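Beneath this line is the structure, given in structure tokens, with notes to follow.
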2 protein chains.
Amino acid sequence: MKRKITIKDIAKVANVSIGTVDRVIHNRGKVSEKALQKVNDALKELDYKANPLARSLKNNVVYTISILIPDPQKDSYWLPCQQGIMEIITEYEAFDVDISVHYFDPSEPESFSQIGARLIGKSPDAVLFVPLFERESDVLLQKLNKKDILSATFNSLPRNHVDQHVGQDLYLSGRVGAKLISDFLHPSTSKIGVVHIDEAFNNAIHMQQKEEGFKSFYETYATKYDIFTKTINTDNIHSTLLDFIESHGVNVFFVTTSKTYEVARTLELLNKNGIVVGYDLLQENIKYLTEGKIQFLIHQAPRMQASLSLKSLVEKLLFKKEYPKKQFLPIEIINSENVKSYL
Amino acid sequence: MKRKITIKDIAKVANVSIGTVDRVIHNRGKVSEKALQKVNDALKELDYKANPLARSLKNNVVYTISILIPDPQKDSYWLPCQQGIMEIITEYEAFDVDISVHYFDPSEPESFSQIGARLIGKSPDAVLFVPLFERESDVLLQKLNKKDILSATFNSLPRNHVDQHVGQDLYLSGRVGAKLISDFLHPSTSKIGVVHIDEAFNNAIHMQQKEEGFKSFYETYATKYDIFTKTINTDNIHSTLLDFIESHGVNVFFVTTSKTYEVARTLELLNKNGIVVGYDLLQENIKYLTEGKIQFLIHQAPRMQASLSLKSLVEKLLFKKEYPKKQFLPIEIINSENVKSYL
DNA sequence: TAAAAAAATGTGTACGTACACACTAATTTA
DNA sequence: TAAATTAGTGTGTACGTACACATTTTTTTA
């Protein structure tokens, strides 16, 4: 039965004490040339790999991670993201990490700043957050960088430096939407509407990138289509949409946010058929998808984004494991059939 | 700064020795009613969670896992699956697991049986394999069960009992293909061909389930379409396909295997346009997808299947972590745009 | 060349758990 | 009631690593 190589084995082969081996591994000096040579040779020869278990066992500090995400009660898009986080908390509950979750109001930049500042006050080892608001996020990031607190984001990418990020390529995501829609287009009768529905306009980069990607797809296209853009606040969604649809005769829609169901609902009320492609597996979106009133949804995998970013953070702290600075998740296409495999 | 609860803490609170606490936790008896009560109370009160690191540190046996998969040299579909396995091997290389990978010829059931038998001879703790051949897999599984070796499969699900499985719902996967195709169908002019291209016919369950799913979708459909089925061995693919296309006038194709590019190529040679939906992100498939000669590919995520199943196995052995007996991965839809996010 | 300083090396203990063994207390048996 | 048995409890050591400290060896200085 094979046994793993330990520093003891190295010590024996190199004919030195484990203390010397340890000093070489962590190169804290005080080792003679000769010994260094011998130990390094043995290290290479036996292909030594430190036992991360024993290593982290020694390290008896408890790392603290503070998480700041939008309140799922205010916008159910964040529900799976919360679940993903809870899942990881459970997974590492027996380890030396102390993870706390805090929520801000996605329609109140002020609440983000306030709670963010409070978190930093406690000097955690790392802060993971959703940079929903551009300006406020940059302020928070500056503070984090200054205080040498590990920073991590997911969902959207802030302009300032972040130590770690998990997300999707939003530009490409827009192109995917465009491609999906292109299969349904009729040269003469199709008019396309790009619709942004969101509470906080600060969130704009997000939606803008998708729109740019979307339009870029049609630039290399033989047939030219009329593309109209509409940005809608959460007040008076229906009347605004109604007006938008009627005035331009739009019958094909790309909705850049999870509020895609609003467009489907409006079309339903108008008793019109249209092509709707949008985002996210919200209950209401799934309903319309199943009924054929939404053709495709693009899955932003909030749960995966949240759990992956938290997991990376935890393993970085706990096991010194290295992760790529930016991790981009695949852009997943959902229709009425494969949606079942996502539930 | 918070500290994690250890058996020492429990011992102190319950006013007994750590030995007694240990006996309670592993209930190996020899504990008085009174002590049992006290320890259990303390355990609950302090919400004790064993430190899995320390636990597995003690356990100095090296677990062995043997893996049996098709040779990626013979069918490049298995390349990412091999990569996924290597990735996990690297990830756990410092732990007490010894993982060895063995390859069989996907066109030779005999090689599967032979290598399988050899593996079992070494009495590993677990065997992970791809049950490509029905009969041979069942034989292997029977031996594994008898010898109490942990068994695990991925890609397809054998009939016999398996301790662990990772895969996709193939029936649903067929329905997804049908739905994707349905968006392109024209009531009068569309004739659908379901094409099975594979070396080993033993693999039939696999393809059959997809076909059933595919057909089930159209059963609840208003318009009736002609659906023709063709099973093709790897010899004379082109002439067989040519004949199939011409004789039935098929112009819409659902290919149930990764050899989807063969259909696209044949259409290309015939200078015909057609709708092709098939499986897997092979280089050749991606080429035709990007050129618009394949509309959609269904991603079976072989890499993910392999890595997830191996990871589950490792963590089960190493950390006694529990995983669901069957894990089904989502069915991922790929078009010419989101394919970039998968590379 | 002896003493002092510096460099190099070795030893011991801790992390939290598991388990063998030693020990004490409570029963049983003669 | 003493001896023998059994039930219950506590102690010590090991796992592999990290680090403080003790010890030895080498170099420098007077």
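Please read all numbers here as calculations on a predicted model, not as lab measurements.
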Enumerate the protein-to-nucleotides 23-29 of chain C contacts in which both atoms are nitrogen or oxygen and the separation is below 3.5 Å.
none

> dG16(D) C1' sits how many Å from Lys12(A) NZ, rounded?
Replying inline: 14 Å
>> How would you summarise protein contacts on nucleotides 7-14 of chain C per nucleotide, using B for base, S for sugar-phosphate only and - for none, with heavy-atom distances below 4.0 Å?
In response: -SBBB--B
> Can you check whether Tyr342(A) and Phe328(B) have ring centres sitting under 6.0 Å from each other?
Replying inline: no
>> Ignoring hydrogens, what is the shortest heavy-atom contact between Ile120(A) and Lys147(A)? Give both atom names and the distance.
In response: O-NZ, 3.4 Å
> Could you state the CZ-P distance from Arg28(A) to dT17(D), rounded to the nearest angstrom?
Replying inline: 13 Å
>> Parallel, tilted or perpendicular, judged at 30° and 60°: which one describes the rings of Phe112(B) and Phe129(B)?
In response: tilted
>> Could you go through Phe154(A) and His165(A), starting from their C-alpha distance and side-chain angles, then the distance that decides it, and tell me whether this counts as ring pair (Phe, Tyr, Trp, His ring centres under 6.0 Å)?
In response: CA-CA 6 Å; Phe154(A) 67 95; His165(A) 176 73; 8.5 Å; no
>> Could you tell me how far apart Lys49(A) (NZ) and dG16(D) (C1') are, to the nearest whole angstrom?
In response: 16 Å
>> Less than 4.0 angstrom from a charged side-chain N to a carboxylate O is my criterion; do Lys49(A) and Asp47(A) meet it?
In response: yes
> Within this structure, what is the NE2-to-P distance between His26(A) and dT17(D), rounded to whole angstrom?
Replying inline: 9 Å
> For Pro330(B), does its backbone N or O pair with a side-chain atom of Gln168(B) as donor and acceptor, under 3.5 Å?
Replying inline: yes
> Between the main-chain N or O of Asp105(B) and the side-chain N or O of Ser111(B), is there a donor-acceptor pair closer than 3.5 Å?
Replying inline: yes
> What integer distance in Å separates Lys8(A):NZ from dA18(D):C1'?
Replying inline: 15 Å
> Would one find a side-chain N or O of Tyr48(A) under 4.0 angstrom from OP1 or OP2 of dG16(D)?
Replying inline: no
> For Asn51(A) and dC15(D), what is the distance between atoms CG and P respectively, to the nearest whole Å?
Replying inline: 13 Å
>> Do Leu68(B) and Leu128(B) have side chains that approach each other closer than 4.5 Å (heavy atoms only, starting at C-beta)?
In response: no
>> With heavy-atom distances below 4.5 Å as the criterion, would you say the side chains of Gln327(A) and Gln305(A) are in contact?
In response: no
> Do the charged groups of Asp22(B) and Arg28(B) touch, with an N to O distance under 4.0 Å?
Replying inline: yes
>> What I want to find out is whether Lys325(B) reaches Asp163(B) closely enough, with some N-O distance under 4.0 Å, to be called a salt bridge.
In response: no
> Taking five pairs at each end, how big is the angle between the two axes of the helix from dT1(C)-dA30(D) to dA30(C)-dT1(D), to 10°?
Replying inline: 60°
> In whole angstroms, how far is the P atom of dC19(C) from the CD1 atom of Ile7(B)?
Replying inline: 11 Å
